[in-house]
*Asks:* 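Can you keep this structure in mind? I'll have questions shortly.
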Amino acid sequence: MGIRTAAVNSPDWFAGKLLAWFDRHGRKGLPWQRNPNAYRVWVSEIMLQQTQVQAVIPYFERFMARFPDVQALAAAQLDEVLHLWSGLGYYARARNLHRTAKLIAAAGGAFPTSQAGLEALPGVGRSTAGAILALAMDQPTAILDGNAKRVLARFHGVDGPSNAAATLRTLWAHAEAHTPQTRAAAYTQAIMDLGATLCTRRGPGCSACPLAERCMALAANRVAEIPSRPQRGAKPVRKARMYVISAPPGACLLERRPNFGVWGGLWSPPQRNADCSWEAVCAEFGIRAATVAERRTAPAFRHSFTHFHLDIEPHYLRLAEQPTAIGDGDRFIWYNLDRPQPVGLSVPAGALLASLKEVFA
DNA sequence: TACTCGTGGAA
DNA sequence: TTTCCAAGAGT
């Protein structure tokens, strides 16, 4: 009887070593670590899903300056939320964030304090719910983000494919078993910090690792192989025609994309499949043939995404004397004709600009 | 279960 | 130039 009780009530070797390391080497100056209330931790955790810390920081700062609390976010228009998100990717996160803010504000403004209550929120899964409970409320709830997966897989020698269900079950069990009853917030930050700064995917610093003494992957000289990589097929190629339609005074015609799929809810130049004709596009947007001043096709270019290649065939349709100035920023920002400020984005500007310049140089 | 959803940095 | 993948979740 005594062994089980002792294991549950006292931090194990793993958690003890990790916490001691965290006190000396952990990250403590990240923006969401100051005033870590549920709202700030929630927003940061959503932004950090599949997104590196350095990319998130400026977005988090701008977001908090504009939406300091859940009521401010709930009162905003989706367009503005997406605008502050544009460039960060995975826009369903922003739509879910806005939807959840409205739900919470309508329910009085307080976040759920249970795992189940948090997981019921759109965009909040098991790991994000665990992170909110641990980081904002110091509750002993496990997380299993990419860092924790790597640390636990190596420490316990879990060598199955990192996305397989059996592997995830095993890793979640280890995550639960190591999470201490006290200092849950520090422990949660610690396992992420170890994974991010020492137990990295490539070139891990095992010589400085507080867990090295009992790390199974290190003992077996298999640190480089664990976690094993999921096998992938070849990327498919998708084709699209992009219509850049300009009208006076120097405005671009855009369409708001539906709230699903790629760039859902953002504004972009009309994109059609490869068989869409000029006549069909003009008809759809109410453009009379007589008003078309110029009609050109630019060379196609490829933009590679994580999961597919997109071969884009740019088309340019000018409706009056003034040519449209396409912003030469680092991103392809388009303009919502109903609003003064830029909203949304499409593919990076560079590739399309280079393509158009070959025609309009 | 397997697929979808983005972007920027690194190799 | 291409591939990989990082504080995952939804369907």
*Asks:* Quantified in whole Å, what is the P atom distance between nucleotide C:dA7 and nucleotide B:dA2?
*Replies:*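 Going atom to atom, P in each nucleotide, I get 24 Å.
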*Asks:* Considering just the side-chain nitrogens and oxygens of A:R93, establish if one lies under 4.0 Å of OP1 or OP2 belonging to C:dG8.
*Replies:*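 So the side chain of A:R93 is outside the cut-off, no N or O lying under 4.0 Å from OP1 or OP2 of C:dG8.
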*Asks:* Between A:W85 and A:F63, what is the ring plane arrangement, given parallel below 30°, perpendicular above 60°, and tilted in between?
*Replies:*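 The rings of A:W85 and A:F63 stand perpendicular, inter-plane angle above 60°.
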*Asks:* Whether A:Y91 contacts B:dT7 is assessed here as follows: a side-chain N or O lying under 4.0 Å from the phosphate OP1 or OP2. Is that the case?
*Replies:*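 Yes, A:Y91 has a side-chain N/O under 4.0 Å of OP1/OP2 on B:dT7.
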*Asks:* Looking only at side-chain N and O atoms, does A:H307 come under 4.0 Å of OP1 or OP2 in C:dC5?
*Replies:*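 Indeed not, no polar side-chain atom of A:H307 lies that close.
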*Asks:* What is the distance, to the nearest angstrom, from the CZ atom on A:F305 to the P atom on B:dG9?
*Replies:*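 Going from CZ in A:F305 over to P in B:dG9 covers 16 Å.
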*Asks:* Students often mix this up, so state it plainly: with edges at 30° and 60°, are the rings of A:H174 and A:H156 parallel, tilted or perpendicular?
*Replies:*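 Ring orientation, 0 to 90° scale: parallel.
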*Asks:* So does A:W32 get a side-chain nitrogen or oxygen closer than 4.0 Å to the phosphate oxygens (OP1/OP2) of C:dA7?
*Replies:*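 False: A:W32 side-chain N/O out of range (4.0 Å or more) of C:dA7 OP1/OP2.
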*Asks:* Please work out if A:V53 contacts a base, only the sugar-phosphate, or nothing of the nucleic acid, heavy-atom cut-off 4.0 Å.
*Replies:*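 A:V53: base contact, heavy atoms under 4.0 Å.
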*Asks:* Let's see if you can work this out: which of C:dG8, C:dG10, B:dC5 has an atom nearest to the side-chain heavy atoms of A:N96?
*Replies:*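 Selected nucleotide: C:dG10.
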*Asks:* What is the distance, rounded to the nearest whole Å, between atom CD1 of A:I132 and atom P of C:dG8?
*Replies:*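 Rounded to whole Å, this separation is 13 Å.
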*Asks:* Considering every strand and a 4.0 Å limit on heavy-atom distances, what is the contact class for A:E119: base, sugar-phosphate, or nothing?
*Replies:*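 Nothing, no heavy atom under 4.0 Å.
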*Asks:* Can you tell me the distance, in whole Å, between the CG atom of A:L48 and the P atom of B:dC5?
*Replies:*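 That distance rounds to 22 Å.
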*Asks:* Do A:V158 and A:T167 make a side-chain contact, defined as non-hydrogen atoms from C-beta onward lying under 4.5 Å apart?
*Replies:*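 In short, these two side chains touch, coming nearer than 4.5 Å.
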*Asks:* Which value, in whole Å, describes the distance between the C1' atoms of nucleotides C:dA9 and B:dT1?
*Replies:*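 Approximately 15 Å lies between the C1' atom of C:dA9 and that of B:dT1.
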*Asks:* For A:A165 and for A:T306, find the nucleotide of DNA chain B with the closest heavy atom, then tell me which residue's nucleotide is more 5'.
*Replies:*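 Per heavy-atom nearest nucleotide, the more 5' residue is A:A165.
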*Asks:* Considering every strand and a 4.0 Å limit on heavy-atom distances, what is the contact class for A:G195: base, sugar-phosphate, or nothing?
*Replies:*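 No contact at all - A:G195 keeps every heavy atom at 4.0 Å or more from the nucleic acid.
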*Asks:* For A:S127, answer base if it contacts any base atom (sugar-phosphate contacts may also be present), sugar-phosphate if it contacts only those atoms, and nothing otherwise; contact means non-hydrogen atoms under 4.0 Å.
*Replies:*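 Answer is sugar-phosphate: A:S127 comes under 4.0 Å of backbone atoms only.
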*Asks:* Rounded to the nearest angstrom, tell me the gap between atom CG in A:L171 and atom C1' in C:dG8.
*Replies:*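 So the CG-C1' distance, A:L171 to C:dG8, works out to 14 Å.
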*Asks:* Check the phosphate of C:dG8 against A:Q50, side-chain N and O only, distance under 4.0 Å to OP1 or OP2. Yes or no?
*Replies:*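 Answer yes for this pair, as a side-chain N or O of A:Q50 is under 4.0 Å from OP1 or OP2.
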*Asks:* CD of A:E45 versus P of C:dA7: gap in Å, rounded?
*Replies:*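 To the nearest whole Å, that distance equals 11 Å.
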*Asks:* Starting at atom CD of A:Q49, determine the distance to atom C1' of B:dG6, rounded to an integer number of angstrom.
*Replies:*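 These atoms are roughly 13 Å apart.
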*Asks:* So what does A:L30 hit on the nucleic acid, given a heavy-atom distance under 4.0 Å: a base, only sugar-phosphate, or nothing?
*Replies:*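 Result for A:L30 = base.
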*Asks:* Could you give the CG-to-P distance, from A:N163 to C:dA9, as a whole number of Å?
*Replies:*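 So the CG-P distance, A:N163 to C:dA9, works out to 15 Å.
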*Asks:* Are A:K235 and A:F305 in a cation-pi contact, defined as NZ or CZ under 6.0 Å from the six-membered ring centre and within 45° of the axis?
*Replies:*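 No; the conditions do not both hold, so A:K235 does not lie above the ring face of A:F305.
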*Asks:* Quick one: sort the A:H178 and A:F155 rings into parallel, tilted or perpendicular, breaks at 30° and 60°.
*Replies:*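 Ring orientation, 0 to 90° scale: perpendicular.
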*Asks:* Using side chain to side chain donor-acceptor pair (under 3.5 Å), reason through A:R27 and A:Q33 one step at a time and then give a plain yes or no.
*Replies:* CA-CA 9 Å; A:R27 294 177 293 186; A:Q33 290 179 315; over 6 Å; no
*Asks:* Is there a side-chain contact between A:R202 and the phosphate of B:dG9, meaning an N or O under 4.0 Å from OP1 or OP2?
*Replies:*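 So the side-chain polar atoms of A:R202 never come under 4.0 Å of the phosphate oxygens OP1 or OP2 of B:dG9.
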*Asks:* When you look at CE of A:M216, are more than 12 heavy atoms from neighbouring residues, nucleotides or ligands closer to it than 6.0 Å?
*Replies:*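 Not more than 12 within 6.0 Å, no.
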*Asks:* If you assign A:K149 and A:R201 each to the DNA chain C nucleotide with the nearest heavy atom, which residue ends up on the more 5' nucleotide?
*Replies:*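 Nearest-nucleotide comparison on DNA chain C picks A:R201.
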*Asks:* Looking at C:dA7, does its base get a donor-acceptor pair with the side chain of A:R27 below 3.5 Å?
*Replies:*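 Looking at the base of C:dA7, it does pair with a donor or acceptor on the side chain of A:R27 (distance under 3.5 Å).
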*Asks:* Among C:dA7, B:dC5, C:dA9, which nucleotide has an atom closest to any side-chain atom of A:F308?
*Replies:*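 Of all the options, the side chain of A:F308 is nearest to B:dC5.
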*Asks:* With a 4.0 Å limit, can you tell me whether A:R238 has a side-chain N or O closer than that to the phosphate oxygens OP1/OP2 of B:dC5?
*Replies:*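 Yes, within the criterion.
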*Asks:* Can you tell me the distance, in whole Å, between the CG atom of A:L118 and the P atom of C:dA9?
*Replies:*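 It is 12 Å, rounded to the nearest whole Å.
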